[in-house]
Number of protein chains: 2
Amino acid sequence: MATIKDVARLAGVAISTVSYALNGSEKISPATREKVIGAARQLNYQKNGFASDLKRTKTNTIALILSDLAGPYYSELTKGVQEVSVANGYDLIACSSKGGPLSTATKFLKEKRVDGAIILAHNISDEVIVESARQGFPIIVLDRHLENEFVIQVEVDNFQGGFVATEHLIEKGLKDIAFISGPPRSHDSKMRYKGYATALKEYKLDVNGKWEIHGDFTREGGYRATKMLIAQGRLPEAVFYANDEMAIGGIQAFQENKIRIPEDISVIGYDDIQLAEFMTPPLTTIRQPKYEAGALAMHIILQQLAGVEVNSYYKLSTELITRKSVK
Amino acid sequence: MATIKDVARLAGVAISTVSYALNGSEKISPATREKVIGAARQLNYQKNGFASDLKRTKTNTIALILSDLAGPYYSELTKGVQEVSVANGYDLIACSSKGGPLSTATKFLKEKRVDGAIILAHNISDEVIVESARQGFPIIVLDRHLENEFVIQVEVDNFQGGFVATEHLIEKGLKDIAFISGPPRSHDSKMRYKGYATALKEYKLDVNGKWEIHGDFTREGGYRATKMLIAQGRLPEAVFYANDEMAIGGIQAFQENKIRIPEDISVIGYDDIQLAEFMTPPLTTIRQPKYEAGALAMHIILQQLAGVEVNSYYKLSTELITRKSVK
DNA sequence: CTGTTAGCGCCTTCAG
DNA sequence: CTGAAGGCGCTAACAG
């Protein structure tokens, strides 16, 4: 590969001249500029990205850290992040935190290969984040409670979402309402649960431990949890799944047992993923402003990078999407 | 941020000693090693990724280039790519080619910030790819026809897929079969069309230009194309959509016009995306071995990086998934 | 306007 | 086993 040196030699100028010419500085005469550009083209020269980043201690790229690149559920969020970043001339890369301390995400975070990061991944520890966070390196965490001078939290009001979902069920006359949670580490899941429990209390209904089952945000988890629920004998009147994926698994379990939705049991999900409206019956659920969350996160990063003072906490609200899975 | 220099100073040794100790070289005594590690920990030292990459001219990371990070349809493929890469200790980053020559993808490719790339994106030109391809920098292209000494093509046998889909329709007694294509630049779409046309010919059926409509692989595109089809007056007996997304849009259009599937018209898609089985009716389609394609692509890269000679072309075959959208 | 110079942070001979 | 020295490719003062 040709380096800047080769270009300089071929063009018969100094290395710095090449650098200036190629980076569009004004102080180079059009003639030499042409000469340099010609030489560069001739050698098929491309600057080495590291070298310049090393020098400038800035990469102009932001990392979006996801727990698993293959998950299709980040789509809207990613879109928000992406649009804002390209609009501001920043590069965006997505990397996975799969593999824990050895993961790509950890590497990029720790070795400061990026200028900032947005993290939506539970399999990356608070510790790693705190170690990496520092002045001038903005980190935004989504769905995570983490107080630190240098990290900023963006969250959806999951308490409200959980409350609204439960209230909707109650208003439809449903009283026995089960809750299938997400993984224990999920802050989101916890808050949804709180919303659920609070709604029950507010309407003077029992919060019955028997109807709280642990899931894990996966379809299989929802399926298994629902099987357990069915196995318990008596069924609740409604089930609130902490996310849509689990609701889908649950619906499958009900259908296999000839339990009709919503006639025999009502179900409500959370997220409003693409699939939700295509289910039979279409799934009533809580929509999260994912696009907005992504866009906001990226905005905050850019502001921080620009030296603007920002809040350390942001909350977005949810919306109930009524479809056919609730009586 | 602490640098290697600071660690050396604190530990009271030379910089090279720190480097050796931290990189696990044998020539350092356990005692000094401990001292160094202690100092590093104390300073919360993290090496600067660029600097070492710059020196070693190797990044240990592979880029997966997608036309749009937000598209949820790469899920399976990404999974294949990811699993193979982590299993081999390589880092993987996904980047978008949105933005053409200024995109993150182009930058990473040209400025050699990665050791290799897998490209599944039509909005990145052959030219950019060819310019970047060179000895020792493996590039795999998916769904693209590009002959070059340094680029390797992995493709799914779309001709076969198109043929099988069409043949299935014909075997069900359907004769008037429309084809909704993808975007003109898509090599995949073209090959599917060829399979379609060939099947028609082989069964002595007319290839009727009136029933070939241009789509763009999006749901909206499928919807619009279908509206056009309906507007033409007489309906075909079946429609072969070049991908599932368009089929979904198409089904919606038919439903809005009270045209029943499969009673009034049969539809077949292509891809077998997640949604396909949840449609009403569940969509008959052609499954592509996407996971395998991703895993294969990554394997090839690793082999190349290891200096193994590899073929320059790979083809994978498809599978017909029969559900309820064909009479 | 152009060239010289001094690093960015790290790795790697090469002599002690 | 350790330390000094050189350089990866590029940028940015600072002179000329």
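Predicted model only: the values in this text are computed from it and were never measured.
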**Item:** Basic-acidic side-chain contact under 4.0 Å: B:Arg144, B:Asp126
**Value:** yes

**Message:** Do A:Asp53 and A:Thr59 pair up side chain to side chain, a donor and an acceptor below 3.5 Å, judged on atom types alone?
**Reply:** no

**NZ (B:Lys79) with more than 12 external heavy atoms under 6.0 Å** = no

**Asked** With a 4.0 Å cut-off on heavy atoms, is A:Ser16 in touch with a base, just the backbone sugar-phosphate, or nothing at all?
**Response** base

**Prompt:** Contact class for B:Phe50 vs. all strands (heavy atom < 4.0 Å): base, sugar-phosphate, or nothing?
**Reply:** nothing

**Message:** Categorize A:Thr32 for me: base, sugar-phosphate, or nothing, with a 4.0 angstrom heavy-atom threshold over every strand shown.
**Reply:** sugar-phosphate

**Message:** Just to be sure I understand the rule, does A:Leu54 reach a base, reach only the sugar-phosphate, or reach nothing, if contact means heavy atoms closer than 4.0 Å?
**Reply:** base

**Asked** Is the shortest side-chain N/O distance from A:Ser29 to OP1 or OP2 of C:dT2 below 4.0 Å?
**Response** yes

**Prompt:** Is there a side-chain polar atom (N or O) of A:Lys112 under 4.0 Å from OP1 or OP2 of C:dG9?
**Reply:** no

**Message:** Does C:dC11 have its OP1 or OP2 closer than 4.0 Å to a side-chain nitrogen or oxygen of B:Ser19?
**Reply:** yes

**Fill in**
When rounded to whole Å, the NZ to P distance for the pair A:Lys110 and C:dC10 reads 15 Å

**Separation of C:dG9 P from B:Arg9 CZ (nearest whole Å)** = 12 Å

**Asked** Taking only N and O in the side chain of B:Tyr45, is any of them less than 4.0 Å away from OP1 or OP2 of C:dC10?
**Response** yes

**Request:** Taking B:Ser85 for its side chain and B:Gln82 for its backbone only, find out whether a donor-acceptor pair lies under 3.5 Å.
**Result:** yes

**Message:** Tell me whether the side-chain N/O atoms of B:Asn48 come closer than 4.0 Å to OP1 or OP2 in C:dC8.
**Reply:** no

**Prompt:** So which one's nearest nucleotide on DNA chain D is more toward 5', B:Gly12 or A:Ala2?
**Reply:** B:Gly12

**Item:** Side-chain donor/acceptor of A:Lys55 to base of C:dG7, under 3.5 Å
**Value:** yes

